[in-house]
Number of protein chains: 2
Amino acid sequence: MLKLSKKAEYALMAAKFMAMKNSSGYSTAKEISESCMIPYQLVAKVLQNMVKSNLAISAKGTNGGFSLAKNPIDISVMDIIKSVESNYKLVDCLQPKSSLEDCSHLDCCKIRDPLIEIQRKIDKVFSETSLVQIL
Amino acid sequence: MLKLSKKAEYALMAAKFMAMKNSSGYSTAKEISESCMIPYQLVAKVLQNMVKSNLAISAKGTNGGFSLAKNPIDISVMDIIKSVESNYKLVDCLQPKSSLEDCSHLDCCKIRDPLIEIQRKIDKVFSETSLVQIL
DNA sequence: TTTGAATCAGACCAAAATAGTCCTATTACA
DNA sequence: TGTAATAGGACTATTTTGGTCTGATTCAAA
Ligand code: SF4
Ligand code: SF4
């Protein structure tokens with residue numbers, strides 16, 4: 001239905017939160033959870049995903065937390081979405097070497113190429129929107 | 001996960017099928033189903049949706065079927081998607097008068113405006129792609 | 001006028017994806 | 001050593017999707 005997942009929304013919120021807190025300190029998952037009214041466990045997961053994708057860095061223990069790993073201008077909305085959405089794609093056949101396991105229609109499908117082009121354009125929208133544009 | 005639904009894919013396939021069959025005859029749901037390897041009942045539903053949205057016209061009874069209601073150049077991918085996806089939208093709060101029933105975060109959400117802008121750009125991609133571009 | 005080919009309409013079901021929870025481990029600071 | 005935090009996995013509940021079934025209606029041809 002072309003909807004952004006809650007995870008993606010939460011990731012954007014968290015990223016914005018960290019970007020706003022320009023003081024170089026850490027933001028904790030609890031802090032973000034309460035500020036944005038997001039379930040704690042969920043935002044914690046999302047933040048962990050961002051760390052894995054090298055968008056954020058984390059510090060354990062007392063006074064620990066999360067902070068952005070790069071300058072907000074260098075983080076795109078696409079980066080954030082991809083950090084939490086393992087398979088972000090319009091259709092199942094986008095890999096150049098997609099097989100019938102990806103989609104049983106692959107060998108008779110007559111709309112694949114145009115959809116790949118549309119995907120390219122949508123990717124562009126997300127890639128060209130930087131975190132600073134949502135501050 | 002920002003994926004197109006099967007219904008939307010099937011609608012695009014069906015639209016393309018009808019557009020290709022430029023001879024002014026009708027295409028039947030069965031014909032489209034077999035040609036595109038789509039479950040019959042499903043493509044039938046999709047075609048009915050297209051009729052309701054005035055993208056296609058239908059004729060009942062023997063020799064009946066479906067055919068496009070307009071010139072393919074005047075049908076956008078957006079039209080086709082919207083004919084089958086009752087609530088196509090990136091996030092739940094897009095109506096200008098969205099309420100807390102749409103999203104409980106509405107009054108504390110700090111990413112809404114930028115997402116509305118992104119939605120606008122994505123809409124543009126779908127609206128500016130016409131059916132002729134996928135033939 | 002009967003038969004059959006087709007759309008129309010709705011309820012229904014199964015499988016998958018999403019959203020959220022729980023529990024335990026690990027790390028580091030005070 | 002206690003506490004505040006991240007890390008990570010298993011688990012559950014809810015929603016959405018994809019698909020099926022049944023029956024009614026319409027219309028043309030036999
Ligand atoms: S139906 Fe066509 S476009 Fe859709 S996933 Fe399969 S091959 Fe790709
Ligand atoms: S979280 Fe914000 S952007 Fe997402 S649906 Fe709610 S109000 Fe809209």
Side-chain angles (χ1 to χ4, degrees), chain A residues 1-11 13-14 18 25-34 36-53 55-67 69 81 83-89 91-92 102-105, chain B residues 1-11 13-14 18 25-34 36-53 55-67 69 81 84-92 102-105:
Chain A
M1 199 206 280
L2 285 169
K3 180 136 55 193
L4 221 54
S5 69
K6 284 294 173 194
K7 253 175 23 180
E9 286 197 80
Y10 296 162
M13 290 180 189
M18 290 187 284
Y26 290 114
S27 314
T28 71
K30 189 176 174 225
E31 203 179 350
I32 297 175
S33 152
E34 287 170 356
C36 304
M37 310 264 287
I38 310 174
Y40 168 77
Q41 307 269 15
L42 212 33
V43 80
K45 288 252 149 68
V46 159
L47 286 160
Q48 283 164 35
N49 287 336
M50 289 204 261
V51 171
K52 273 197 187 169
S53 310
L55 294 184
I57 55 175
S58 68
K60 289 184 176 180
T62 312
N63 299 330
F66 299 88
S67 98
I81 291 178
S83 78
V84 294
E85 292 296 350
S86 52
N87 51 351
Y88 149 78
K89 54 190 172 192
V91 286
D92 290 326
D102 296 310
C103 177
S104 59
H105 297 106
Chain B
M1 201 206 278
L2 284 170
K3 180 137 57 191
L4 221 55
S5 69
K6 284 292 173 195
K7 251 171 29 176
E9 285 197 83
Y10 296 162
M13 290 181 189
M18 290 188 283
Y26 289 114
S27 313
T28 71
K30 189 177 174 221
E31 204 178 349
I32 297 174
S33 152
E34 287 171 356
C36 305
M37 310 264 287
I38 311 173
Y40 168 77
Q41 308 268 16
L42 212 34
V43 80
K45 286 255 149 64
V46 159
L47 285 160
Q48 283 163 34
N49 288 337
M50 289 205 262
V51 171
K52 271 196 187 169
S53 310
L55 294 183
I57 55 175
S58 69
K60 289 183 175 181
T62 312
N63 299 330
F66 299 86
S67 101
I81 291 177
V84 295
E85 290 297 350
S86 52
N87 51 349
Y88 149 78
K89 53 190 172 195
L90 214 52
V91 286
D92 289 326
D102 295 310
C103 177
S104 59
H105 296 106

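In what follows, chains are A, B, ... by sequence order, proteins preceding strands, each numbered from 1.
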Working to the nearest 0.5 Å, report the span between CD of B:Gln41 and OG of B:Ser33. 9.5 Å

Is there a donor-acceptor pair under 3.5 Å between the side chain of B:Ser58 and the backbone N or O of B:Gly65? no

Length of the line joining A:Lys6:NZ and C:dG20:P, which is rounded to integer Å: 7 Å

Closest-nucleotide 5' rank along DNA chain D - winner of B:Ala59 and A:Gly64: A:Gly64

Does B:Ser58 make a side-chain N or O approach to OP1 or OP2 of C:dC8 shorter than 4.0 Å? yes

Show every donor-acceptor pair shorter than 3.5 Å between a side-chain atom in residues 3-10 of chain B and any protein atom, with sequence neighbours excluded, or say none if there are none.
residue	atom	partner	partner atom	Å
B:Lys3	NZ	A:Asp92	OD1	2.8
B:Ser5	OG	B:Ala8	N	3.1
B:Ser5	OG	B:Glu85	OE2	2.1
B:Lys6	NZ	B:Glu9	OE2	3.4
B:Lys7	NZ	B:Val84	O	3.4

When you list every nucleotide of DNA chain D with an atom under 4.0 Å from a heavy atom of chain B, which one comes first 5' to 3', and which comes last? D:dG18 to D:dA29

Between A:Met50 and A:Ala11 the two heavy atoms that sit nearest each other are CE-O, 3.7 Å

Any residue meeting salt bridge (charged side-chain N to carboxylate O under 4.0 Å, His left out) with A:Glu31, in chain and number order, not counting sequence neighbours: A:Lys21

Do you know which two heavy atoms are closest between B:Ser27 and B:Met18, and how far apart they sit? OG-CG, 3.8 Å

Grab the two heavy atoms, one from A:Gly64 and one from A:Tyr26, that are nearest each other, plus how far apart they are. O-CB, 3.7 Å

Taking for A:Thr28 and for B:Ala8 the nucleotide of DNA chain D with the nearest heavy atom, the one nearer the 5' end belongs to A:Thr28

Can you tell me how far CZ of A:Phe66 sits from CG of A:Leu47, rounded to the nearest 0.5 angstrom? 4.5 Å

In whole Å, what is the span from the OH atom of A:Tyr10 to the C1' atom of C:dG20? 9 Å

In the 5'-to-3' direction, what one-character label does each nucleotide of nucleotides 25-30 of chain C receive under the scheme B = base within less than 4.0 Å of a protein heavy atom, S = sugar-phosphate only, - = no such atom? --BSBS

Report the C-alpha separation of A:Met13 and A:Ile32 in whole Å, then their side-chain angles, then the decisive distance to 0.1 Å, and conclude whether the side-chain contact (heavy atoms from CB on, under 4.5 Å) test is met. CA-CA 8 Å; A:Met13 290 180 189; A:Ile32 297 175; 5.9 Å; no

Nearest-neighbour nucleotide for the B:Lys52 side chain, C:dA9, C:dG20, C:dA6 considered: C:dA9

Base-paired stems that DNA chain D participates in, counting runs of 3 or more Watson-Crick or G-U pairs under 3.5 Å: C:1-30 with D:1-30

If you measure from OG on A:Ser83 to NZ on A:Lys52, what distance do you get to the nearest 0.5 Å? 11.5 Å

Contact residues, residues 40-50 of chain B to DNA chain C [heavy atom, < 4.0 Å]: B:Tyr40, B:Lys45, B:Gln48

